[in-house]
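Report on the following structure.
Letters go in sequence order (proteins before strands), and every chain restarts at 1. These numbers were taken from a predicted model, which means no experiment stands behind them.
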There are 2 protein chains.
Amino acid sequence: MTTVTYQINKEKLEKAAYILKTVAHPTRLAIVDLLSQNEKLSVNEICEVLQCEQSLLSHHLINMKLKGILRSEKDGLNVFYSLKEKDVIKLIECIEHCDCNY
Amino acid sequence: MTTVTYQINKEKLEKAAYILKTVAHPTRLAIVDLLSQNEKLSVNEICEVLQCEQSLLSHHLINMKLKGILRSEKDGLNVFYSLKEKDVIKLIECIEHCDCNY
DNA sequence: TTGATATATGAAAATATGTTCATATATTTG
DNA sequence: CAAATATATGAACATATTTTCATATATCAA
């Protein structure tokens with residue numbers, strides 16, 4: 001006889017997976033990291049620091065904005081992105097201690 | 001003149017992304033959740049609770065074991081999986097508070 | 001040894017994600 | 001207005017991940 005405890009519901013897990021997936025990419029993690037250190041940055045600034053092609057970066061940024069992780073505000077020619085969901089910073093910290101195989 | 005602070009190195013970010021990706025899947029998150037509540041579970045037990053096809057579940061479990069998140073031990077016909085890298089539980093908690101778009 | 005049960009494996013198919021490239025749009029400046 | 005700059009868009013392509021299915025292997029019990 002098995003009595004297995006199952007806590008979290010499906011919907012919550014799907015949401016969590018969705019957010020994790022959004023962040024689980026080196027460039028996107030770098031963006032989160034950058035924006036945790038710098039209140040707001042223009043696409044160009046991020047582009048230069050990360051050495052990432054403009055259009056590719058744009059895709060990443062818009063993706064993360066769509067999912068509520070970033071916000072953006074326009075100022076003249078520039079668009080400044082900033083961290084909307086600051087909790088995602090914790091994900092990086094959380095994993096730094098992990099001792100998984102890689 | 002731009003002075004952008006950039007903290008984490010590329011390698012660290014790639015490792016973090018790698019681990020996050022491994023966990024960023026509803027079924028795999030459910031497995032982590034289950035194993036945070038139950039010390040160890042057989043493939044079959046997990047199969048039944050999650051209503052997941054046996055072979056698919058096996059793929060997930062082996063994948064997570066390979067990446068150091070789970071461990072397994074054989075006992076007769078059964079293989080019991082348990083959480084090796086308990087820190088990943090925190091990822092779920094971390095995200096539960098997040099208020100992203102979905 | 002045969003049959004039943006639990007788990008793993010591997011290849012193929014289905015699906016999703018990431019990247020590139022060419023070009024569009026919007027804003028500023030001369 | 002034309003040119004320059006910053007960013008966005010979309011389609012095509014490349015690549016990676018997930019799922020399915022058929023089957024293999026291992027262990028146990030009769």
Side-chain angles (χ1 to χ4, degrees), chain A residues 1-2 4 10 13-32 34-35 38 40-67 69-82 102, chain B residues 1-2 4 10 13-32 34-35 38 40-67 69-82 102:
Chain A
M1 228 218 60
T2 328
V4 178
K10 224 173 173 177
L13 288 170
E14 266 166 21
K15 182 173 181 177
Y18 182 79
I19 296 166
L20 285 173
K21 239 197 299 190
T22 302
V23 173
H25 185 286
T27 303
R28 291 193 300 262
L29 278 180
I31 293 169
V32 169
L34 264 176
L35 290 176
N38 306 269
K40 56 181 64 176
L41 291 171
S42 72
V43 178
N44 229 337
E45 288 172 316
I46 302 176
C47 230
E48 275 169 21
V49 187
L50 300 187
Q51 295 280 83
C52 179
E53 197 263 325
Q54 183 273 316
S55 139
L56 178 52
L57 185 64
S58 205
H59 281 301
H60 282 310
L61 290 169
I62 285 162
N63 176 238
M64 293 170 87
K65 182 186 174 184
L66 209 78
K67 293 178 180 169
I69 291 167
L70 305 182
R71 81 169 73 75
S72 74
E73 80 197 84
K74 194 159 188 179
D75 178 9
L77 265 181
N78 301 296
V79 174
F80 289 91
Y81 280 87
S82 56
Y102 178 45
Chain B
M1 228 218 61
T2 327
V4 178
K10 224 174 174 178
L13 288 171
E14 267 166 20
K15 182 172 180 175
Y18 182 80
I19 297 168
L20 285 173
K21 238 198 296 191
T22 302
V23 173
H25 184 287
T27 303
R28 293 194 297 264
L29 278 179
I31 292 168
V32 168
L34 263 175
L35 290 175
N38 306 269
K40 55 180 66 178
L41 291 172
S42 72
V43 178
N44 229 337
E45 288 172 316
I46 302 176
C47 227
E48 276 169 21
V49 186
L50 300 188
Q51 294 281 82
C52 178
E53 198 262 325
Q54 183 273 315
S55 138
L56 178 53
L57 184 64
S58 206
H59 282 300
H60 282 311
L61 290 169
I62 285 162
N63 175 238
M64 293 170 89
K65 182 186 172 183
L66 208 78
K67 293 177 180 170
I69 290 167
L70 305 183
R71 82 168 73 76
S72 74
E73 79 196 84
K74 193 159 188 177
D75 179 9
L77 266 181
N78 301 295
V79 174
F80 289 91
Y81 279 87
S82 56
Y102 180 46

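Atom pair A/L70:CG and D/dA8:P shows a separation of 11 Å (rounding to whole Å applied). B/L61 places its CG atom 12 Å from the P atom of C/dT9, with the value rounded to the nearest Å. In this entry the distance linking CZ of A/F80 with P of D/dA8 reads 12 Å, nearest Å. Rounded to an integer number of Å, the gap from CG of B/L56 to P of C/dT9 is 15 Å. Computed from coordinates, the A/I62 CD1 to D/dT7 P distance equals 11 Å when rounded to whole Å. In this entry the distance linking CG of B/L57 with P of D/dT18 reads 14 Å, nearest Å. The nearest whole Å value for the distance from the CG atom in A/N78 to the C1' atom in C/dT25 is 15 Å. Between the CD atom of A/E53 and the C1' atom of D/dA8 there is a distance of 12 Å, rounded to whole Å.
The CG atom of B/L70 sits 14.5 Å away from atom CZ of B/F80, with the distance rounded to the nearest 0.5 Å. To the nearest 0.5 Å, the span separating OG1 on B/T27 from CG on B/L34 amounts to 11.0 Å. Taken to the nearest 0.5 Å, the CZ atom of B/R28 stands 7.0 Å off from the NZ atom of B/K67. The NE2 atom of A/H25 lies 10.5 Å from the CE atom of A/M64; values are rounded to the nearest 0.5 Å. The line from CG of B/L29 to NE2 of B/H60 is 10.5 Å long, rounded to the nearest 0.5 Å. Rounded to the nearest 0.5 angstrom, B/K21 NZ and A/K21 NZ are separated by 11.5 Å.
Residues B/C47 and B/C52 come closest through the heavy atom pair SG-O, 3.0 Å. Heavy-atom minimum distance, B/L20 versus A/A24: CB-CB, 3.6 Å. Taking all atoms of both residues into account, the shortest heavy-atom contact from B/T22 to B/Y18 is OG1-O, 2.8 Å.
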- Note on the structure: Readout for nucleotides 23-30 of chain D: B = base within 4.0 Å of protein heavy atom, S = sugar-phosphate only, - = neither; 5' to 3' it is ---BBS--

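B/Y81 comes within 4.0 angstrom of the backbone, heavy atoms only, and of no base.
Non-hydrogen atoms lying under 4.0 Å from DNA chain C are contributed by A/H25, A/R28, all within residues 23-31 of chain A.
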- Item | Evaluation steps, side-chain contact (heavy atoms from CB on, under 4.5 Å), between A/I62 and A/Y81 | CA-CA 10 Å; A/I62 285 162; A/Y81 280 87; 3.8 Å; yes

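For D/dT17, neither phosphate oxygen OP1 nor OP2 lies less than 4.0 angstrom from any side-chain nitrogen or oxygen of B/H60. Phosphate proximity of D/dT7 to A/N44: present, with a side-chain N or O under 4.0 Å from OP1 or OP2.
Heavy atoms of other residues, nucleotides or ligands lying less than 6.0 angstrom from NZ of A/K40 number 12 at most.
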Polar-atom pairs under 3.5 Å, protein N or O versus N or O of nucleotides 10-16 of chain C: list them with distances, or write none.
| residue | atom | partner | partner atom | Å |
| --- | --- | --- | --- | --- |
| C/dG10 | O6 | B/H59 | NE2 | 2.7 |

